[in-house]
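What follows is a short report on a single structure.
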Amino acid sequence: MDPDFLNVFTQPAALHQFLTENVTAPGEKRKLIKPTSSNNPKFEELKSILIDWLNTTLKEEHIVVKSLEEDLYDGLVLHHLLENLGSLKLDVDKIALTEIKQRQKLSVILEAVAKCLQLEESQLKWSVESILSKDLLSTLHLLVAIAKHFKPNLAMPPNVQVETITIENTSRGLKTTNAVEYITESKENLEAQSKDDAFDDLFNRAPDKLDAVKKVFLQFVNQHVGKLGLNVKDIESQFADGVILLLLIGQLEGYFLNLRDFFLTPASTTEMLHNVNLALDLLTDGGLLNFSVNSEDIVNRDVKTTMRILYCLYSKYKTKET
């Protein structure tokens, strides 16, 4: 078992309780914020700012939020918040007492959030089940997204990141993966995004040119991974497991990638995330990546994120013939 897992749950009773409540069936997994992140002042500041914002916004409705996990899971606060911020009339009961009703209510609320924020399913960092299970990481992602849309001037601290541990119950036992995840964007990321508006324009205003750009990237990729006997035809799917990306970086940057360091044929999302995180680390160490990237976006086949990553390599190596 991963020793980091034991560092998080040092007491046998706590470990047993966690397994009983959260990882009960083969194939099931859960991503948690490590307790060490509570020592991060920016993380605590973000939680405090969000709670103050909720209480100020809902003051006239006599709603007081003390805990983001405990007070938002049933949908009541989210319901009032969305109606207050966006004048949205949601066709749900004000109070949902049973878990079935709460799940139904959250489903309607989160669907309205995704529609209002114009987010595709692959872009969502939360779900009905994660909010209902009082998952703090998902709740923070949801609130930050709502605040950025309805209250863009809210002074949230930039570059808030947390250490996470993903625990998966496999047929071979528990498997854990450690990662660092951003909750708010860094200043560098915001600056990089302002420079990368061409991608937003491409997707939003010139979708007819999207295929042409993909073709350029595919030619570039195949020029290099073709030496390994590989042929990439689809940007959306073939980069999701991180294998092609790692091999491409290895070819361009001259890295020798030991097969023991990554999964050549990943069999789970956890293994795919491991590959992608390794690729992002290599890009960062090589000075090719100066903005934060959520590895889950690539695994979830977010084509814009994948193309941004490919552009980092293309912009450096496009003129180099090998």
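The structure presented is a predicted model; accordingly, all values stated were derived computationally and were not measured. Here, residue 1 is the first one in the sequence, and each next residue gets the next number.
Ring planes of Phe217 and Tyr311: tilted class, angle from 30 to 60°.
Taking 4.0 Å as the cut-off between side-chain N and carboxylate O, Lys47 and Glu44 count as a salt-bridged pair. Ion pairing of Glu120 with Lys304 is absent here, as no side-chain N (NZ or NE/NH1/NH2) approaches a carboxylate O to less than 4.0 Å.
Annotation for Ile249 and Ala279: closest pair CD1-O, 3.6 Å, computed over non-hydrogen atoms. In terms of heavy atoms, Pro158 sits closest to Lys42 at O-NZ, 3.3 Å. Nearest approach of Asn55 to Ile63, heavy atoms of both residues: OD1-O, 3.7 Å. What you find for Tyr317 and Leu252 is that their closest heavy atoms are OH-O, 3.2 Å. Heavy-atom minimum distance, Leu143 versus Trp53: O-CZ3, 4.1 Å.
Atom CD1 in Ile51 sits 11.5 Å away from atom OG1 in Thr56 (nearest 0.5 Å). Note: Leu132 CG to Gln102 CD = 6.0 Å, rounded to the nearest 0.5 Å. Taken from CG in Leu278 to CZ in Phe263, the straight-line distance is 10.5 Å, to the nearest 0.5 Å. The line from CD of Glu236 to OG1 of Thr306 is 8.0 Å long, rounded to the nearest 0.5 Å. If you take CD1 on Ile244 and CG on Asp234, they are separated by 11.5 Å, rounding to the nearest 0.5 Å.
For the side-chain contact (heavy atoms from CB on, under 4.5 Å) test with Trp126, the passing option among Leu110, Asp135, Leu106 is Leu110; the others fail. Just one residue in the list Ile33, Leu32, Leu46 forms a side-chain contact (heavy atoms from CB on, under 4.5 Å) with Val162, and that residue is Ile33. Of the residues listed (Lys31, Lys125, Gln123), the one engaging Glu296 in a side chain to side chain donor-acceptor pair (under 3.5 Å) is Lys31, and it is the only one.
Judged as a side chain to side chain contact (heavy atoms under 4.5 Å, CB included), and not counting sequence neighbours, the contacts of Ser107 are Val128. Under the side chain to side chain contact (heavy atoms under 4.5 Å, CB included) criterion, Asp52 pairs with Ser48, not counting sequence neighbours.
Between the side chain of Asn275 and the backbone N or O of Phe262 there is no donor-acceptor pair closer than 3.5 Å.
With 3.5 Å as the limit, one finds no donor-acceptor pair spanning the side chains of Ser127 and Glu129. In the model, Thr36 has a side-chain atom that pairs as donor or acceptor with a side-chain atom of Glu163 under 3.5 Å.
Side-chain atoms of Glu253 and Lys316, non-hydrogen and from C-beta on, do get closer than 4.5 Å to each other. Annotation: side chain of Leu76 is in contact with side chain of Lys105 (closest heavy-atom distance under 4.5 Å). The side-chain heavy atoms of Leu68 and Leu54, taken from C-beta on, include a pair separated by under 4.5 Å. When side chains are defined from C-beta on, Leu248 counts as touching Leu310, because their heavy atoms get closer than 4.5 Å. In this structure, Glu168 and Thr269 have side chains that are not in contact, with every pair of non-hydrogen atoms separated by 4.5 Å or more.
Both Ile146 and Leu154 are part of a single hydrophobic cluster, where members link through side-chain heavy atoms under 4.5 Å apart.
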Run the salt bridge (charged side-chain N to carboxylate O under 4.0 Å, His left out) test on Glu111 and Lys115 for me, step by step, so that the C-alpha distance in whole Å, both residues' side-chain angles and the decisive distance to 0.1 Å come before the verdict. CA-CA 6 Å; Glu111 184 178 347; Lys115 183 177 181 180; over 6 Å; no
